[in-house]
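Notes follow the structure.
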Amino acid sequence: MRKLLPFLASIGSGVLLAMAYAPASIGELAWFILVPWILACRHATPRKAILLSWLCGCAFWFSSMPWLTRVTFGGYSALSLYCAIYFIPLGWFTAKWFGRNGAQGKQKNIVYALLGASVWTASEFARTSWLTGFAWNTLAISQHENISVIQIAELGGTYAVSFLVILFNLGIASTWLRYREREKMRMTWHPEIALPLLLIALSFAFGMTRLKPKPSQGTQPAPLEIISIQPAIPQDLKWGMEEIINNYRLHLMLSQEAIDAYTNAHLVIWPETAVPLPAVRLIWEHPMPLMLGALDWTPEEEATGKMRNSSMLFKDATTKLAHYDKQHLVMFGEYVPFRKQLPFLGNLSPIPEDCVPGKESGLFPIRETYATPLICFEDTMPYLARKAVKRGARLLVIQTNDAWFDPKAGATGLSAALRGSPQHRAHLIFRCIENRVPAVCCANSGSSGVVNKHGVFQLTSGRNMKNPPNDYVLKEEPYGLGYVVSQVEVIKDHKETLYTRYGDLFAWLCALVGAFSLLWAWRIKNSKSSSSSSDSGS
């Protein structure tokens with residue numbers, strides 16, 4: 001049983017870490033639940049630490065992304081196995097560090113915690129950047145409801161929050177090791193845990209100053225009133241020609257009812273791929289602008305079976321004001337790498353052909369400001385929102401179809417727990433804080449509404465459709481049929497945050513420190529004994 005404990009500790013850490021994320025959202029777990037895995041790696045050889053870390057990562061990713069099975073089980077498995085690799089650097093570094101000297105004194109423990117946090121943050125940064133990047137569920141996302149602390153994302157992005165959370169885990173682990181192996185339970189000063197506590201307190205204080213209401217300077221424009229249509233169309237009732245026509249009529253009916261009730265609204269938004277074919281005639285008889293998602297293609301792309309996932313802004317039935325093509329495509333969702341060379345990989349994707357990526361952010365004129373659409377998972381990629389804000393966007397518009405990985409409206413029990421849209425929305429919260437701009441989310445099913453510049457989600461007003469074709473009511477069931485009306489405050493004199501100005505500078509610094517830490521660990525030789533050595537700081 002003793003030999004199994006390191007494996008059980010590592011797997012348990014991964015499974016319980018998944019509960020820190022939506023839909024369970026027990027964010028407090030993330031601050032200490034990785035400690036058992038870290039302690040297991042401390043007593044392991046570097047080779048065994050690699051296995052323990054990968055198992056911890058597998059346990060986390062398989063537990064946190066079950067909703068992906070609704071899209072592709074093969075892709076879900078392959079992605080989980082791949083993402084688990086990024087747990088390995090910190091586990092291996094921990095084994096090498098303690099394998100050389102055993103339990104450390106307070107000075108070396110601080111160094112270990114800071115270097116280890118840099119290694120973890122560098123690993124997250126690599127995962128979000130390599131192979132087109134997969135930015136889902138960084139450690140920071142577990143804190144999406146901890147609004148006060150996560151305001152530091154304005155300074156260093158999600159990576160600053162991840163650094164803080166893992167630093168606290170490492171501080172607890174190294175403090176425990178000093179008590180058990182060096183201090184023999186003697187009470188003494190432990191700066192390795194005091195430092196993370198101090199940084200948490202400073203982050204909380206910074207967040208409270210940002211959340212404190214401030215008197216507006218100058219005349220600010222009146223809030224935008226935006227209608228988000230949520231048709232709640234199941235994914236298996238979307239692509240047949242008869243279904244296309246019925247779904248299009250449903251969008252129009254919901255839009256008509258919303259416009260009748262809110263005549264002074266400034267914009268109507270339809271979700272991602274609301275119009276499957278560009279050949280469908282746009283019947284828009286209202287003076288109110290319409291932003292819609294559509295699958296689009298040029299004649300040349302049609303001949304090769306290619307398409308683009310697009311967003312379009314229409315003034316009326318014939319006047320298109322702006323167009324945007326999705327830039328960051330989802331691997332195995334919108335394209336399959338090496339599809340031509342390895343045709344069998346196409347079985348891992350729900351679509352028969354690949355999409356073509358766009359090259360530039362879209363700026364859509366909305367009254368006196370500019371909005372940028374982010375389609376589907378693009379709001380999980382920090383660089384896209386930042387690039388749009390630097391171009392002049394003051395509002396992010398998320399158009400998504402979370403029916404890909406959500407059960408039908410009204411689902412309860414285990415089926416409801418497998419929803420992916422709550423995790424999706426958690427990422428949008430950080431895009432707003434990083435750049436201090438609001439965002440409107442329009443989902444086919446999921447969580448339509450508005451997130452303000454402080455990352456607070458607001459379902460401002462929900463309405464169910466008159467005589468709906470089913471029994472689901474949006475104001476009672478946020479995944480159901482209806483529409484949401486959002487009051488969006490857009491700041492006229494927007495000031496760039498440090499993150500908007502410098503981007504992932506903090507992550508690059510962590511990558512540099514982490515790389516040197518791993519290189520140093522690679523060059524050292526572990527002693528046969530992990531007994532503690534003398535340390536003047538102990």
Side-chain angles (χ1 to χ4, degrees), residues 71 128 132-136 226 228-231 233 235 238 251 267-278 289-297 301 306-314 320-335 349-351 353-364 366 370-389 391 393 395-406 420-421 423-428 430-432 435 437-451:
V71 184
T128 62
T132 75
F134 184 68
W136 197 267
I226 297 177
S228 300
I229 302 300
Q230 185 167 299
I233 300 169
Q235 199 57 34
K238 196 170 178 67
H251 282 85
L267 177 68
V268 176
I269 306 175
W270 290 2
E272 177 190 11
T273 61
V275 182
L277 297 171
L290 170 68
M291 183 186 298
L292 59 84
L295 291 177
D296 193 20
W297 53 78
E301 291 166 345
K306 301 293 184 180
M307 65 185 85
R308 287 174 284 124
N309 193 350
S310 304
S311 177
M312 308 172 189
L313 178 65
F314 286 89
K320 185 166 70 171
L321 299 177
H323 184 108
Y324 168 73
D325 296 324
K326 186 180 181 187
Q327 301 175 73
H328 193 97
L329 302 179
V330 178
M331 188 184 302
F332 296 109
E334 292 163 316
Y335 79 99
S349 174
I351 61 174
E353 301 293 343
D354 291 341
C355 289
V356 178
K359 297 181 179 180
E360 192 55 83
S361 302
L363 287 180
F364 288 19
I366 308 295
Y370 286 96
T372 284
L374 296 174
I375 300 175
C376 191
F377 282 5
E378 285 192 315
D379 59 335
T380 69
M381 306 303 299
Y383 79 95
L384 288 174
R386 173 179 173 262
K387 183 169 69 171
V389 173
R391 284 195 67 198
L395 172 65
L396 305 177
V397 177
I398 315 305
Q399 294 170 284
T400 185
N401 178 17
D402 289 353
W404 276 111
F405 46 74
D406 272 347
S421 51
Q423 286 185 14
H424 189 183
R425 188 181 71 198
H427 292 76
L428 177 59
F430 283 84
R431 303 296 84 80
C432 296
N435 301 284
V437 294
V440 173
C441 181
C442 179
N444 172 36
S445 71
S447 302
S448 297
V450 61
V451 179

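Computed from a prediction, not measured in an experiment: that's the story for all the values here. Nothing fancy with the numbering, it's 1 onward along the sequence.
- In this structure, Cys376 and His424 approach most closely via the heavy-atom pair O-NE2, 3.0 Å.
- When all heavy atoms of Val356 and Arg308 are compared, the closest pair comes out as O-CG, 3.5 Å.
- Minimum interatomic distance between Ala385 and Leu374 (heavy atoms only, all atoms of both residues): CB-CD1, 4.2 Å.
- Here the side chain of Arg391 pairs a donor or acceptor atom with the backbone of Ser361 at under 3.5 angstrom.
- Within 6.0 Å of OH on Tyr370 lie no more than 12 heavy atoms contributed by other residues, nucleotides or ligands.
- Taking CG of Leu313 as the reference point, atom CD1 of Ile366 lies at 5.0 Å (rounded to 0.5 Å).
- His427 is linked by a side chain to side chain donor-acceptor pair (under 3.5 Å) to nothing, counting only residues two or more places apart in sequence or in another chain.
- Leu428 and Ala439 get closest at one heavy-atom pair: CD1-CB, 3.7 Å.
- The CG atom of Leu292 lies 12.0 Å from the CD atom of Glu272; values are rounded to the nearest 0.5 Å.
- Annotation: the span from Met312 atom CE to Leu321 atom CG amounts to 13.0 Å, rounded to 0.5 Å.
- Between Ile226 and Leu395, the closest side-chain pair of non-hydrogen atoms falls below 4.5 Å.
- Between Tyr383 and His328, the angle of the ring planes goes over 60°, which puts this pair in the perpendicular group of the 30/60° scheme.
- In this structure, Phe364 and Met291 approach most closely via the heavy-atom pair CD2-CE, 3.3 Å.
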Next on the checklist: As a quick check of understanding, evaluate side-chain contact (heavy atoms from CB on, under 4.5 Å) for His251 and Val268, giving each step before the final call.
Outcome noted: CA-CA 11 Å; His251 282 85; Val268 176; over 6 Å; no
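- At distances below 3.5 Å, at least one donor-acceptor pair connects side-chain atoms of Asn444 with backbone N or O atoms of Ile233.
- Between Thr400 and Pro271, the closest side-chain pair of non-hydrogen atoms is not below 4.5 Å.
- Partners of Phe134 by side-chain contact (heavy atoms from CB on, under 4.5 Å), not counting sequence neighbours, listed by chain and number: Trp61, Met65, Leu79, Cys83, Arg127, Trp136.
- Once rounded to the nearest 0.5 Å, the distance linking OG1 of Thr372 with OH of Tyr324 reads 8.5 Å.
- The distance from the CZ atom of Arg425 to the SG atom of Cys441 is 8.5 Å, given to the nearest 0.5 Å.
- Listed by chain and number, the residues in a salt bridge (charged side-chain N to carboxylate O under 4.0 Å, His left out) with Arg431 are Glu434 (sequence neighbours excluded).
- Minimum interatomic distance between Ala393 and Val437 (heavy atoms only, all atoms of both residues): O-CG1, 4.4 Å.
- Here the CD1-CG distance, from Ile375 to Leu329, works out to 9.5 Å after rounding to the nearest 0.5 Å.
- When atom types are taken as modelled, the side chain of Glu378 and the backbone of Gln327 share a donor-acceptor pair closer than 3.5 angstrom.
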